[in-house]
Amino acid sequence: MENKSKGFNIPERKTDSVMDLVFEKSVPGRRGFRGPAPDVEGECSLPQEYCRQTALPFPEVTELDCLRHFTGLSRKNFSVDTHFYPLGSCTMKYNPRFTEDCAKHPGFSQLHPLLPQLRQGEQYSQGALQVLFDMDRLLSEITGMDAFTLQPLAGAHGELTGVMLIAAYHRAKGNDKKIILIPDSAHGTNPASATIAGYETVSIPTDDKGEMDMEILEKNINKDVAAVMLTCPNTLGLFNPGIDRIAGLVHAVDGLMYYDGANLNALLGRCRPGDLGFDVVHVNLHKTFSTPHGGGGPGAGPVGVKKALVPFLPVSRVIQTKDGTFALDYDAPESIGYIASFYGNFGVIVKAYAYILLLGRRGLMETSDHAVVNANYMLSRLKDVLPPAFDRACMHECVLTAKTLLARDVHALDLAKYLIDRGFHPPTVYFPLIVKEAMMFEPTECESKEEMDRFIQALRDGVGLSASNPQVLKECPFTMPISRPDEVRAARDLNANFFQSCV
Amino acid sequence: MEVMEHYHYTKEHEWVYLEDTIATVGITEYAQSSMGEVTFVELPAVNAEVEQFEQFASVESVKAASDIYCPMSGTVVEVNTELEEDPELLNKDCYEAGWIAKIEISSPEELSKLMTAEEYENYLESIG
Amino acid sequence: MNPYIANTADDMRAMLQSIGVRSVDDLFSDIKEEFRPRSFNLPEGRSEQEVVSELDRLARKNAYALKLFIGGGYYDHYIPAAVTALMSRGEFLTAYTPYQPECSQGTLQALYEFQSLICALTRMEIANASLYDGGTALYEAMMMAVRITGKKRVVLDGGVSPIYRKIIRSYTNNLDIALVETPVVHGQAHRPDIKALLNNGTAAVILQNPNFFGAVDDFSDIVAMAGSLGVLTIASVYPASLGLLKPPGDMGVDIVTGEGQSLGLPLHFGGPYLGFMATSKKYMRKMPGRIVGQTVDRQGRRCFVNTLQAREQHIRREKATSNICTNEALCAIQAAVFMSLLGPEGMKEWACLNFSKAEFARKVLEQIPGVEVKRSAPTFNEFTVCLPKDAQDVVEAMIQKGFAAGFPLGRYYPGMDRYMIVAVTEKRTRQDILQYAQALREVLGA
């Protein structure tokens, strides 16, 4: 496709198709690593009854075999480094490389987490503790909260922590509350987190403007309501101008407002959840603050709270003592306790910290401005071929629907697969669940107009094909090593372990 | 959508076919077609006591999971173990070979809370 | 403009025109005046060079050059350079959850290989594609056992990491789950107590091997008794030990979890780490976290997809097996690279090296007057030492000599103020060990 436009025909690049598993490359006698020879006396003399009796069926490959294998695998991925990746709700922005270097510094990467738990041990990790302390202050200022815990290891983990804080707050006040209200547009993690923390959830429908239905919300507000969990802007990419009214209703029954920070990239410097009336927030460092997503983690989901909830934050907390040094404070009788083994995904936190320091106040504000303009630009150039779920200005992402193509038996998924052939990672499809044939685009601030124009053209071509040659869309992608895996078979005849499948 | 004449139905698209005190239970054509290809059926335990409209089984496809509510109260006396090996039966033949469980019912009068075939057809039309 | 923003003022003008608004502010009109930030008092931006040097300054304030004899579940192991090199590849690093399998086969196949390697290591039938860390993985395993059995009572051995036990306590605080802890006796799981507490109202018994004191155990007898009562056995394990130790699958354990940090991940002051979980196939639908499965594509080519997704939050929402979404995929791939490089021989040699160095260290320390090595069971690469004085004081003095000498137990086990656990990995040379012993003699005045 691209090749032909250059005026000559290069044979279509054949991606080497299916790759052998590392186990299938194994040759007895090869090895990929040699450790030091024993420099101490004594045999490996553990009594037999405690020892492994079976051979370990690990692959036997050289270091080069291993390098080629995993390098080969990596090349089968689309990634931000290689492709425009407008996966809505995931904020796939560029991940600056210098932050990797900062995190890899041996002063951070070789630091044992139990050191500060020794007596006077904090003196051995002052630099690391300062990163945590500063990050607490920075995130508090960015979101308008009073204090943060950096321990949650992912966004969903932040949600669970946040709901546990809400439960602790109500328990301390003697409030007997059972219910958390969640809009039907919410990420699935919201109801799952609330349930796991012991609450019942009630789903509040979305009105015809794409906002939480106020009438139904009011009907569901009562003394049993512990909290409302909201993403803002919501998963439709819309900012609810009535957010203060929702906060007022919830606070009137001593309920709390929970802010899911998945979409914070829209709001930096424009408004702060704390000022909007939110009591608990989590932010996804891997989204807004640009730490790499790693194919699905590691992320980080710090949680910020207003003053009334500070006593319940997980232990430990980093404090600054009178002499200016940093210390870990475990003295918090009302704390919800330990929610992770240590102080959070520290390596991820360092990267986000470096990113915030580099951007500074102005840089963060530019980030949201550009993210929002880019999303609206895509919306403006696509809405004549794919109608928006709600026709109004969006924030940092826009949700369109491909339902108009159903008459030709073309689905959002088919367009997504076509985009892969055109060299783009598809947008999020079929989310939010309340929009039929949803396609959710989040270009982020990092993409140029030219790149978005190429993407827009590709998508418009796809919609065009749905009229002229719908069958070809059903067969996409053509250029990938594989096409349309049989997911039903994967679930019915589960094979998740090479060694089981050989039995 | 195919609807079986002598069966009774719930709003959640389960069916029940009553012979004396034994109620055979399954999901309707509408339910199976909206699920897509079924990948797994979680069957109730034999001898379990179930209440009318209580969740007692579930059905999974690749992109969905759906709870199945028991149309009538009683004791589970038999389950369709073929579904464990071949969940596809639910898609192929939801009214016969794809039955889910048989219940020894305890309250025959509960039948009046269910829809007849004709009422269910109207119901299907009303929900589009 | 900051270096991560693409569009120029001209681009912006063109885009605003296409959108049909006059200014950027128009796009934010839903954010009313009264919603504007009450403050946004952040430092001004800096150059990359300046930030790198600031972070370098902070990093150097940390005592990262100590010789680490401290473990407690987190160990100073050597990481082959190839592991780090592969993990820097942008295609792994900057991708996301493999929602579109056609353009994510790299991540998917690597995770399938990770799952298979974990199964082989633990001798279990199925593993997931990772959880956050060893502690939260153990909590997830407990919740899984509660779901499987429908029971709400859990027996927790005191030899399980005190950090993990605290995590489990926090999460169950708001739930109707009864936790019963059994004390450790002579550093070992106390059989009579544990067995007396098992009954048919119990969901699970949670154990750890080697335990926090370093003791190696074979839980087969507990598993058998638990199984006869319908109680599931959960074991948290240390993957570095499994090239040598009897794997939990061979003991009949129902759910295995562990901290994967030792498999090629740096200590990194507590994270990112790697939780893993493996179980029997019959429990796979109750397992939390992503699972990658093999299938074929339209043309019958082997490929990999996220599967059994109907368990997960994005489909089942409030009824999901867990709220977990993003996990630690990159760390899992890192561990897969590490295990593939070491291979069967490498894993065994590695484990043996840890074992024999720790044995050597134990014998050397036993020679020091007043130092008593507490050992009623074999240990792997960590063991418990009783000192003639407060362990905190000793560790503090040892740091001045360049050694993180161990972890004092008094912090988590009241009354054990004179005890510490000492870890010896393959990175500690004979000379390190002898110098450590000499320093300890000096500190103790022995």
Side-chain angles (χ1 to χ4, degrees), chain A residues 32-33 39-40 44 56 58 73-74 76-81 102 105 107 109-111 113 119 124 126-127 153-154 156 167 188 191-193 195 198 239 241 271 292-299 337-338 341-342 345-347 357 360-361 363 376-377 380 448-449 480 482 484 490 495 497-498, chain C residues 2 6 11 15 19 30 35 42 44-45 51 55 58-59 61-64 89-91 93-97 102-103 105-107 116 119 132 135 166-167 170 174 266 268-272 293-295 297-298 303 307 313-314 317-318 320 323 325-330 341 344 352 360 392 430:
Chain A
F33 179 73
D39 59 355
V40 296
C44 194
L56 198 55
F58 276 21
L73 285 182
S74 77
K76 297 186 178 304
N77 275 357
F78 279 15
S79 64
V80 175
D81 276 9
C102 292
H105 192 300
S109 68
Q110 292 179 18
L111 195 59
R119 182 186 298 155
Y124 314 122
Q126 281 297 300
L153 304 172
S193 301
T195 307
F239 186 90
C271 69
H293 285 64
Y338 281 49
S341 302
F342 293 103
N345 270 345
F346 182 76
L357 289 188
R361 192 183 69 89
N376 275 285
Y377 176 65
S380 77
S448 66
K449 179 171 174 297
M480 292 286 109
I482 61 141
R484 307 262 183 161
N495 169 0
N497 170 9
F498 172 74
Chain C
N2 77 61
D11 293 329
M15 292 197 292
I19 296 165
D30 282 336
F35 292 165
L42 296 162
E44 285 308 331
V51 177
L55 271 286
L58 291 176
K61 287 182 160 186
N62 301 319
Y64 61 94
R89 284 197 71 93
E91 300 93 326
L93 190 67
T94 71
Y96 199 25
T97 303
E102 286 93 341
C103 52
Q105 282 299 299
T107 294
S116 304
C119 288
Y132 304 135
K166 278 175 184 283
I167 291 173
S170 310
N174 211 36
H268 242 145
F269 203 50
Q294 181 182 307
T295 185
D297 82 342
R298 206 169 35 188
C303 58
T307 192
Q313 47 76 26
H314 61 284
R317 298 176 78 86
E318 72 277 3
N323 69 330
C325 177
T326 295
N327 39 62
E328 309 287 310
L330 192 74
L341 275 174
C352 286
F360 176 75
Q392 302 251 28
R430 176 191 188 91

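Below, read A as the first sequence line, B as the second, and so on, with proteins coming before strands; counting in each chain starts at 1.
For chain C, the option among A:Gly363, A:Gly295, A:Gly299 with the highest count of heavy-atom pairs below 4.5 Å is A:Gly295. Chosen from A:Gly294, A:Ala154, A:Ser380, A:Gly32, the residue pairing most often with chain C at heavy-atom distances under 4.5 Å is A:Gly294. Of the listed residues C:His314, C:Glu44, C:Glu102, C:Met15, the one with more heavy-atom pairs under 4.5 angstrom with chain A than any other is C:Glu102. No other option in C:Thr94, C:Thr295, C:Leu330 has as many heavy-atom pairs under 4.5 Å with chain A as C:Thr94. Per-residue counts of heavy-atom pairs under 4.5 Å with chain C were compared for A:Ser193, A:Gly347, A:Ser109; the largest is that of A:Ser109. Ranked by heavy-atom pairs under 4.5 Å with chain A, the list C:Ala95, C:Gly271, C:Gly45 is led by C:Ala95. Chosen from A:Val80, A:Leu111, A:Leu153, the residue pairing most often with chain C at heavy-atom distances under 4.5 Å is A:Leu111. Most heavy-atom pairs under 4.5 Å with chain C, from the set A:Ala167, A:Ser448, A:Cys102, A:Ser341: that is A:Ser341. Chosen from C:Leu93, C:Thr307, C:Leu55, C:Asn327, the residue pairing most often with chain A at heavy-atom distances under 4.5 Å is C:Leu93. The choice from A:Ala192, A:Gly296, A:Gly188 that makes the most heavy-atom pairs within less than 4.5 Å of chain C is A:Gly296. Contact count versus chain A (heavy atoms, under 4.5 Å) is highest, among C:Cys352, C:Ala320, C:Cys325, C:Pro344, for C:Pro344. With respect to chain A, the highest number of heavy-atom pairs below 4.5 Å among C:Leu341, C:Asn62, C:Leu58 belongs to C:Asn62.
Using a 4.5 Å heavy-atom threshold, the side chains of C:Gln294 and A:Phe498 count as separate. Residues C:Cys103 and A:Asn77 have side chains not in contact (no heavy-atom distance under 4.5 Å, counting atoms from C-beta outward). Looking at heavy atoms from C-beta onward, A:Phe342 lies out of side-chain contact with C:His268 at the 4.5 angstrom threshold. Between C:Glu328 and A:Asn345 the shortest side-chain heavy-atom distance falls below 4.5 Å.
The closest donor-acceptor contact from the side chain of A:His105 to the backbone of A:Gly107 lies under 3.5 Å. With hydrogens and angles disregarded, a donor-acceptor distance shorter than 3.5 Å links the side chain of C:Gln392 to the backbone of A:Arg119. Side chain of C:Arg430 to backbone of A:Asp39: a donor-acceptor contact under 3.5 angstrom is found.
Both the backbone and the side chain of C:Phe35 come within contact range of chain A, with heavy atoms under 4.5 Å apart. Only the side chain of C:Arg89 comes within contact range of chain A, judged by heavy atoms closer than 4.5 Å.
When the salt bridge (Lys or Arg N to Asp or Glu O under 4.0 Å) test is applied to C:Asp297, the partners found at least two apart in sequence or on another chain are C:Arg301. Applying the side-chain hydrogen bond (donor to acceptor under 3.5 Å, both in side chains) rule to C:Thr97 yields no partners; only residues at least two apart in sequence or on another chain are considered.
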